[in-house]
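Only one structure is covered here, and it is reproduced in the block below.
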Protein chains: 2
Amino acid sequence: MTQTHAAPTAAGDIRVAVSTVIFSLRRDPGSDRASVVLPLVRRTRDPHEGAWALPGGWLDTAEELETAASRTLAETTGLAPSYLEQLYAFGDVHRSPTRVVSIVYWALLREGPLLAPASENVAWFDAATLPPLAFDHNHIVDYALWRLRNKVGYSRIAHGLLPELFTLADLREVYEAILGRDLDPANFRRQVENSGTLISTEQFRTGSHRPARLYRYNHDVELAERGPLPTEPHPEVLS
Amino acid sequence: MTQTHAAPTAAGDIRVAVSTVIFSLRRDPGSDRASVVLPLVRRTRDPHEGAWALPGGWLDTAEELETAASRTLAETTGLAPSYLEQLYAFGDVHRSPTRVVSIVYWALLREGPLLAPASENVAWFDAATLPPLAFDHNHIVDYALWRLRNKVGYSRIAHGLLPELFTLADLREVYEAILGRDLDPANFRRQVENSGTLISTEQFRTGSHRPARLYRYNHDVELAERGPLPTEPHPEVLS
DNA sequence: ACAAAAGTGTTGTACGTACACCCATGA
DNA sequence: TCATGGGTGTACGTACAACACTTTTGT
């Protein structure tokens, strides 16, 4: 890609991997606040064998980056993400015994049959209380959480964690779980109502106290503005 | 990095390059607005030979990503950046005849001896009117410009394009060049004065009409918040 | 009836914008 | 003295946080 350097001296010096930080929400009946959870995979190979790590794998030669992320995501959870975005390329020389550049994606998953991991080597963890992970994966998750919290402030990304129909309290719960603090229900209602991202239905959720109106996400507005990035068909279209 | 996939079938299938979008400002005496400029390198090798391309090169096995970006930046301009940040990892299968994943950085350069390119094969271009570039580099520059414009709105990054001492009009010019629209001098002054990022000096710039007070950048505040990213020594410390 | 969540109203503060106006210097 | 950019004052609109209040259900 340049005229100042020759091709790599020895082929295969640097390998490219793709990993994905997959966020979902668990509504813990015990706690009063929902918590952000993510699936991890137990390593069965040499570097950090036995340790928990982010789902991922080597990039295939003919495989797009985003496809690789979706693939490992499906292999781990059996689900398709409601949001998928590149997070960062981690390539520190000493992050692995051999030189590996990891293109890391982060994804949102709507609530579903979450607590049914595909295998014994997959488990869901609370994002706030992770054990020490393989490689620099603790650090990667920290950064992904930072991005998630940032993005929730200026985009509609929280909808990516909710099912088709939801109440305003549901949506507020998502914000509170991600931001880690309580929000004023009254002000929250107005903000989100005036944002144009919600379509109110005539259905209500009953069962406790006053029934709450159900809303639907307005698919005309993107979950997040990404600028002039490669506009491959996003998994987002599934939302 | 996973237990589900073996190591790459053939070593060297995928190569890793690092490129950098280097922004600076040119104060065109003809135009009434400064313009964003960037250096490009003419390719002397096979894919897209003769076309202009972003400065970059193959990643060395023992070289950090950010170091590689700084290196090609210095090779191209002879200067050290006042800001350097990873932009995105571009890895589309068909972006190059052979599979190349490019980790792209973007940088800001203070005004200096800009119009003295190191070689015949380096030239500065107006970012708004680029010729067709090699590979997907037009697309990459578009995305970098989008990030620059975004970031100028919520961070103090514009200071990275100015020398140590500057007037408020200088700073406003930077914002206007990046945003592409005029700003109210009165309101701009108050906004930036209340932001806590400026230290006013007792020096003034004379030469035309009423002298303007010179300001200094407050190094206590970061040019931009980057979250919990690898905190290697930033080039930013040079600012 | 009472608790609790859904939903509405009101008020104060902060901040961006528009624009009128004064100040200081070079020519 | 006059044109021009430096710098101040003021008024308006929007957005958000705080919080009092009404409504509607389950028990």
Side-chain angles (χ1 to χ4, degrees), chain A residues 27-29 31-34 149-150 152-156 158 162 165-216 221, chain B residues 27-34 149-156 158 162 165-216 221:
Chain A
R27 297 162 176 280
D28 204 333
S31 163
D32 58 342
R33 184 126 69 199
R149 275 190 281 262
N150 259 5
V152 91
Y154 64 83
S155 76
R156 303 303 146 201
L162 287 176
L165 291 177
F166 50 88
T167 67
L168 288 178
D170 291 340
L171 184 57
R172 182 165 46 84
E173 248 191 300
V174 175
Y175 276 80
E176 290 177 343
I178 293 174
L179 297 177
R181 60 187 174 90
D182 289 340
L183 299 176
D184 185 313
N187 295 329
F188 182 81
R189 161 182 300 273
R190 270 180 295 251
Q191 272 179 253
V192 76
E193 271 177 349
N194 297 336
S195 72
T197 57
L198 291 192
I199 301 172
S200 76
T201 72
E202 291 309 313
Q203 307 173 55
F204 292 80
R205 174 181 300 163
T206 178
S208 77
H209 310 297
R210 177 172 173 177
R213 184 182 294 273
L214 288 172
Y215 290 83
R216 181 188 310 280
V221 301
Chain B
R27 297 161 176 281
D28 203 332
S31 165
D32 58 341
R33 184 127 69 200
R149 275 191 278 262
N150 259 7
K151 211 132 197 171
V152 92
Y154 64 84
S155 76
R156 304 302 146 202
L162 287 177
L165 291 176
F166 51 88
T167 68
L168 288 177
D170 290 340
L171 184 57
R172 182 164 47 84
E173 248 191 299
V174 176
Y175 276 80
E176 290 177 343
I178 294 174
L179 296 176
R181 61 187 173 91
D182 290 339
L183 299 175
D184 185 314
N187 296 329
F188 181 80
R189 160 181 303 274
R190 269 180 296 251
Q191 272 178 255
V192 77
E193 271 177 347
N194 297 336
S195 73
T197 57
L198 290 193
I199 301 171
S200 75
T201 72
E202 291 310 313
Q203 308 173 54
F204 291 80
R205 173 181 300 163
T206 178
S208 78
H209 311 297
R210 175 173 175 177
R213 184 182 293 273
L214 289 172
Y215 290 82
R216 183 188 309 281
V221 300

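Lettering of chains follows the sequences in order, A, B, ..., and the numbering in each one begins at 1. The basis for the numbers below is simple: all heavy atoms, side chains too, and nothing from hydrogens, waters or symmetry mates.
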Separation of atom OH in B/Y215 from atom P in D/dG6, rounded to whole Å: 11 Å

Atom-to-atom span, CG of A/L179 to P of D/dA17 - whole angstrom: 11 Å

Spacing of A/R189 atom CZ relative to D/dA18 atom C1', expressed in whole Å: 17 Å

Whole-Å gap separating P (D/dG6) and CZ (B/F166): 14 Å

Side chain B/N187 and base C/dA18 donor-acceptor under 3.5 Å: yes

Nearest to side-chain heavy atoms of A/Q191, which nucleotide of D/dC16, C/dG7, C/dG16: D/dC16

Selected nucleotide, minimal atom distance to A/D184 side chain, candidates C/dG7, D/dC19, D/dT8: D/dC19

By side-chain hydrogen bond (donor to acceptor under 3.5 Å, both in side chains) - contacts of A/R149 (at least two apart): none

Separation of D/dT23 P from A/L168 CG (nearest whole Å): 20 Å

Interatomic distance where CG belongs to B/D182 and P belongs to C/dA18 [whole Å]: 12 Å

Donor-acceptor pair (no angle test) under 3.5 Å: A/R190 side chain, C/dG9 base: yes

Side chain to side chain, B/R156 and B/S195, heavy atoms closer than 4.5 Å: yes

Listed nucleotide nearest any side-chain atom of B/P211, set C/dA20, C/dT25, D/dC19: C/dT25

Pairing of A/E173 and A/R33 as salt bridge, 4.0 angstrom limit: no

Pair of N/O donor and acceptor under 3.5 Å linking C/dA6 base with A/R210 side chain: yes

Side chain of B/R172 - closest among D/dC19, C/dA18, D/dG6: D/dG6

Euclidean distance, atom CG of residue B/L214 to atom P of D/dG7 [Å, nearest integer]: 10 Å

Touch class at under 4.0 angstrom, heavy-atom based, for B/A186 against every strand present: base

Any side-chain heavy-atom pair of B/L198 and B/L168 under 4.5 Å: yes

Minimum side-chain heavy-atom gap A/D170-A/Y215 below 4.5 Å: no

A/H209 side chain, from C-beta outward: closest of C/dC19, C/dA4, D/dG7: C/dA4

Side chain of B/T206 - closest among C/dG26, C/dC19, D/dG26: C/dG26

Whole-Å gap separating C1' (D/dG26) and CZ (A/F204): 17 Å

